[in-house]
Amino acid sequence: MAQVAITTKFFSEEIERLKRAGHDVCVHEGNPLGKEALIAFARDAEALIVALSDRIDEGVLQGLPRLRIVANLGVGVDNIDVAAATRKRVLVTNTPEVLTEATADLAWALLLAVARRIVEADNDLRREGFPGWTFIPKHLGLDVFGRTLGIVGFGRIGQAVARRARGFGMTILYYSRTRNPAAEKDLGARFSPLEELLRESDFVVLCVPLTPATRHLIGARELSLMKRDAVLVNVARGPVVDEEALVRALKEGWIWGAGLDVFEREPLVHPELLTLGNVVLTPHIGSATWATRRRMAALAVDNVLAALRGERPPTLVNPEAWPDPK
Ligand code: NAP
Ligand code: GLV
């Protein structure tokens with residue numbers, strides 16, 4: 001029997017599955033735990049299921065001597081020091097694939113909401129009532145159909161965003177670390193250097209992981225290359241965009257608007273973003289549908305159960321830490 005510590009409110013059927021396998025489960029349901037509290041909470045744990053708001057750095061890993069696996073509830077693992085985990089032979093797993101479609105849907109929801117000023121129009125209607133149909137209303141927006149979409153990071157989510165764009169008759173450009181000729185053919189997408197993509201696209205959707213190479217990939221210079229009526233959508237990670245530069249671009253009209261699901265200093269949101277009418281903001285809910293979150297929970301538990309049986313977890317991020325010698 002091993003102890004499994006879960007740092008966030010979790011689905012009861014998955015807790016039961018861990019218990020049925022003979023494990024002792026403890027769950028922390030309150031606000032995210034700070035470093036010391038996390039170490040105290042999980043001191044005896046051999047498996048840790050963590051939220052994206054948990055920072056699993058070298059210090060936390062040092063404080064958890066029995067730990068064999070960290071199962072992240074998300075596909076991005078920038079909240080975990082994977083190199084330090086690998087040095088300690090702690091397995092790290094994530095939840096790819098199962099959240100791809102939900103996240104692509106949210107990218108599109110943001111894109112359409114900004115282009116058609118849905119949130120602004122809804123707020124105005126609630127506050128001021130419906131003034132009656134007018135030919136040139138306050139909420140004139142942007143066409144989406146037939147325009148150009150630029151996708152930055154053409155992996156699972158980027159390609160799922162592109163699949164949806166076909167129904168909108170869009171020209172699809174993509175920029176990514178690796179060219180993908182098969183996906184280019186399937187989706188009718190064209191590879192484009194980043195600068196060219198930014199100059200040509202009407203909508204730019206960010207789908208890269210956060211790494212040293214992608215931090216501030218979109219800064220003042222990149223924003224200044226975009227069309228004045230372009231929309232930026234970020235469903236990747238906040239620090240991929242220089243938020244200070246983005247605020248300036250939105251205020252000074254370098255671009256039309258932005259749809260943001262992620263922020264540079266989560267859970268803090270740049271206070272000026274909250275005052276701008278040309279942004280739609282969501283609190284990092286890309287994968288937040290009931291069915292997707294259940295699939296993510298099930299996959300995290302599959303990973304934990306495999307590791308505790310001494311088997312290779314299905315979605316292992318650091319194969320260098322395998323086989324687990326503990
Ligand atoms: P993925 O399949 O690994 O796709 C990421 C793509 O980005 C890959 O094609 C990768 O290229 C490319 N890339 C990596 N570094 C790059 C760089 N420096 N420059 C250009 N392209 C680069 O991952 P995914 O499942 O699509 O998820 C992508 C990210 O979305 C996650 O890491 C996470 O941060 C974010 N996400 C957010 C939410 C949300 O709630 N908002 C939900 C899910 C995921 P290669 O093909 O060469 O690896
Ligand atoms: C969400 O942000 C994820 O990385 O899964």
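Atom set for the values below is all heavy atoms of this structure, side chains included, hydrogens, waters and symmetry mates excluded. Just so you know, ligand 1 is whichever comes first in the structure, and atom 1 is the first atom listed for that ligand. Only a predicted model underlies this, so the values are computations on that prediction, with no experimental measurement involved.
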Review point. Which of these passes side chain to side chain contact (heavy atoms under 4.5 Å, CB included) with Arg68: Lys88, Glu46, Arg89?
Key: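 Passing option: Glu46.
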- prompt: Under a 4.0 Å heavy-atom cut-off, what residues line ligand 1?
  reply: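 Around ligand 1, where the cutoff is 4.0 Å for heavy atoms, the contacting residues are Val75, Gly76, Leu99, Thr103, Gly153, Phe154, Gly155, Arg156, Ile157, Tyr175, Ser176, Arg177, Thr178, Cys207, Val208, Pro209, Ala213, Thr214, Val235, Ala236, Arg237, Asp261, Val262, His284, Gly286, Ser287.
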Quiz prompt | Heavy-atom closest contact (Ser176 atom, Phe154 atom, distance) | solution =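 For Ser176 and Phe154, the tightest heavy-atom pair comes out as OG-N, 2.9 Å.
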On a heavy-atom basis, the closest approach of Leu173 and Ser201 is CD1-OG, 3.9 Å
Applying ring-ring contact (aromatic ring centres under 6.0 Å, His included), can you list everything that pairs with Phe168, at least two apart in sequence or on another chain?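 For Phe168 the ring-ring contact (aromatic ring centres under 6.0 Å, His included) partners, ignoring immediate neighbours, are Trp108.
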Quiz item: Does a side-chain heavy-atom distance below 4.5 Å link Leu142 with Arg117?
Solution: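 Side-chain contact under 4.5 Å: no.
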- Classify the angle between the aromatic ring planes of Tyr174 and Phe191 as parallel (below 30°), tilted (30 to 60°) or perpendicular (above 60°).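 The rings of Tyr174 and Phe191 stand perpendicular, inter-plane angle above 60°.
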Check your understanding: For ligand 2, what are the residues with a heavy-atom contact below 4.0 Å?
Key ->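 These residues qualify: Leu52, Gly74, Val75, Gly76, Leu99, Arg237, His284.
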### Message
Pair Glu266, Arg237 - check salt bridge (Lys or Arg N to Asp or Glu O under 4.0 Å), show working.
### Response
CA-CA 10 Å; Glu266 288 180 23; Arg237 282 290 182 270; over 6 Å; no
| salt bridge (charged side-chain N to carboxylate O under 4.0 Å, His left out) with Asp202: which residues, sequence neighbours excluded? |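 Asp202 satisfies salt bridge (charged side-chain N to carboxylate O under 4.0 Å, His left out) with Arg147, Lys227 once adjacent residues are dropped.
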Exercise for the section: Could you walk me through whether Arg221 and Glu195 pass salt bridge (Lys or Arg N to Asp or Glu O under 4.0 Å), step by step? Expected result: CA-CA 10 Å; Arg221 196 179 149 276; Glu195 287 193 5; 2.2 Å; yes
